[in-house]
Amino acid sequence: MSFLSLLARQKIAVALLFGALFCTSSQAQLVFAVSLDQGPSALMAQRVLLEAYRQLGISLRFEALPNPRIVGGVNAGSIDGVDFRIANTQLGDLQKIAVPIAYEELVVFSTGKRFKVAGYHSLQAYSIGYLSGAKIFEEKLKGMHIDAAPNLESLFNKLDAGRTDVAVDARASYCKARKLGLNKVIILEPSLEKILAYHWLSKRHENLMPKVEGVLKKMKQDDAIRKIQEEVWQEFNAHCGA
């Protein structure tokens with residue numbers, strides 16, 4: 001059973017995959033854009049939001065859209081917000097809700113090299129693979145020996161073939177290495193950094209923002225957000241055979 005099949009059993013995943021989660025309630029409904037890539041961080045955010053808005057009597061519909069269409073939808077008023085974003089880059093007429101609901105953990109992958117990761121500077125002696133266009137790595141690894149790959153398959157194949165000493169990406173990307181059968185690939189600990197992700201809501205819902213923030217703060221205090229995040233990771237790891 002796939003990861004998405006597991007989520008479908010909870011009446012969430014199939015709708016998320018196609019960007020159309022419709023609640024049957026007659027409650028008010030908001031439309032949130034989600035990315036086309038439904039990784040663990042996205043699923044964390046969406047589950048947290050489903051619960052938070054349920055407590056406010058509001059149902060949600062998620063639409064999977066590329067970034068250019070998200071901005072257009074927000075500006076046109078057809079999109080009420082986005083599930084989450086890691087970067088603080090402004091997306092149209094949106095404001096950040098200041099309670100983290102998901103995260104990305106950036107890690108170092110290796111095959112033959114073994115060392116304790118102590119930040120980006122600990123990679124200076126190695127050739128480092130990363131995904132082309134990943135601005136955070138281009139900035140953090142500036143001046144080091146870096147090698148851009150067009151996709152995850154290429155990134156891990158280069159690492160496995162010894163064309164790079166290590167590779168850097170999100171922890172969830174380890175699933176791709178396993179699916180490629182690259183069993184020599186391991187994650188070096190600890191992680192490079194943990195980047196928090198936040199929900200963004202259109203300014204036209206300004207009166208709703210403090211209510212959403214209040215519910216999310218309570219969910220954080222009650223440990224509800226952490227429990228949802230752990231559930232998502234457990235399902236993801238089970239799917240990958242980790």
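Since the structure is predicted, the reported quantities are computational estimates derived from the model, not experimental observations.
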Student check: side-chain heavy atoms of [X] and [Y] closer than 4.5 Å:
| X | Y | answer |
| --- | --- | --- |
| H199 | Y53 | yes |
| L180 | V185 | no |
| W200 | I97 | no |
| R85 | I70 | yes |
| V168 | L141 | yes |
| D169 | K176 | no |
| C240 | Y174 | no |

Rounded to the nearest 0.5 Å, how far does [atom2] of [Y] lie from [atom1] of [X]?
| X | Y | atom1 | atom2 | value |
| --- | --- | --- | --- | --- |
| F84 | L196 | CZ | CG | 12.0 Å |
| Y126 | T164 | OH | OG1 | 13.0 Å |
| R171 | N237 | CZ | CG | 9.0 Å |
| I186 | L188 | CD1 | CG | 5.0 Å |
| L106 | K194 | CG | NZ | 12.0 Å |
| L182 | L159 | CG | CG | 8.5 Å |

Quick one: do L208 and K211 satisfy side chain to side chain contact (heavy atoms under 4.5 Å, CB included)? Show the steps, please. CA-CA 5 Å; L208 183 59; K211 298 177 183 179; 4.2 Å; yes
Closest non-hydrogen atom pair between [X] and [Y], with its separation:
| X | Y | result |
| --- | --- | --- |
| Y198 | P100 | CE2-N, 3.4 Å |
| H121 | M144 | CA-CE, 4.1 Å |
| L49 | D83 | CD1-O, 3.4 Å |
| I225 | K220 | CD1-N, 3.9 Å |
| A197 | I86 | CB-CG1, 3.7 Å |
| I228 | M44 | CG2-O, 4.1 Å |

Using modelled atom types and a 3.5 Å cut-off, is there a donor and acceptor pairing between side-chain atoms of [X] and backbone atoms of [Y]?
| X | Y | answer |
| --- | --- | --- |
| S35 | P66 | no |
| S110 | K113 | yes |
| R204 | L201 | no |
| H145 | Q124 | no |
| E104 | E193 | no |
| D160 | F156 | no |
| S122 | G119 | yes |
| S127 | D165 | yes |

Does any donor atom in the side chain of S202 or D80 lie under 3.5 Å from an acceptor atom in the other side chain?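 The criterion, which ignores hydrogens and geometry beyond distance, is not satisfied for D80 and S202.
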Looking only at side-chain N and O atoms, does E230 offer a donor or acceptor that is under 3.5 Å from a partner on Q234?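 No - no donor-acceptor pair under 3.5 Å links their side chains.
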Checking salt bridge (charged side-chain N to carboxylate O under 4.0 Å, His left out) for the pair K135/E138: CA distance, chi angles, key distance, verdict? CA-CA 5 Å; K135 299 298 183 183; E138 291 176 354; 3.7 Å; yes
Specify whether F137 and Y130 have parallel, tilted or perpendicular ring planes, treating 30° as the upper limit for parallel and 60° as the lower limit for perpendicular.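 Plane angle over 60°, so perpendicular.
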Pair F109, I187 - check side chain to side chain contact (heavy atoms under 4.5 Å, CB included), show working. CA-CA 5 Å; F109 299 94; I187 295 176; 3.6 Å; yes
May I ask you to check whether over 12 heavy atoms, not counting those of [X], lie within 6.0 Å of atom [atom1]?
| X | atom1 | value |
| --- | --- | --- |
| K96 | NZ | yes |
| R226 | CZ | yes |
| N183 | CG | no |

Mind checking what makes salt bridge (charged side-chain N to carboxylate O under 4.0 Å, His left out) contact with K116, not counting sequence neighbours?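 Counting only residues at least two positions away or on another chain, K116 forms no salt bridge (charged side-chain N to carboxylate O under 4.0 Å, His left out).
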From CA spacing to verdict: salt bridge (charged side-chain N to carboxylate O under 4.0 Å, His left out), D147, K158: CA-CA 9 Å; D147 185 311; K158 283 183 176 182; 2.6 Å; yes
Do L36 and L131 sit in the same hydrophobic cluster, where Ile, Leu, Val, Met, Phe, Trp and Tyr count as joined when their side-chain heavy atoms come under 4.5 Å apart?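 L36 does not cluster with L131.
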Answer yes or no: is there an ion pair linking K179 with E153, defined by an N-O contact shorter than 4.0 Å?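 No, no charged N to carboxylate O under 4.0 Å.
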E51 with R54: basic N within carboxylate O range, under 4.0 Å: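 Yes, this pair counts.
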As a quick check of understanding, evaluate salt bridge (charged side-chain N to carboxylate O under 4.0 Å, His left out) for E213 and K217, giving each step before the final call. CA-CA 6 Å; E213 185 170 325; K217 282 182 177 178; 3.3 Å; yes
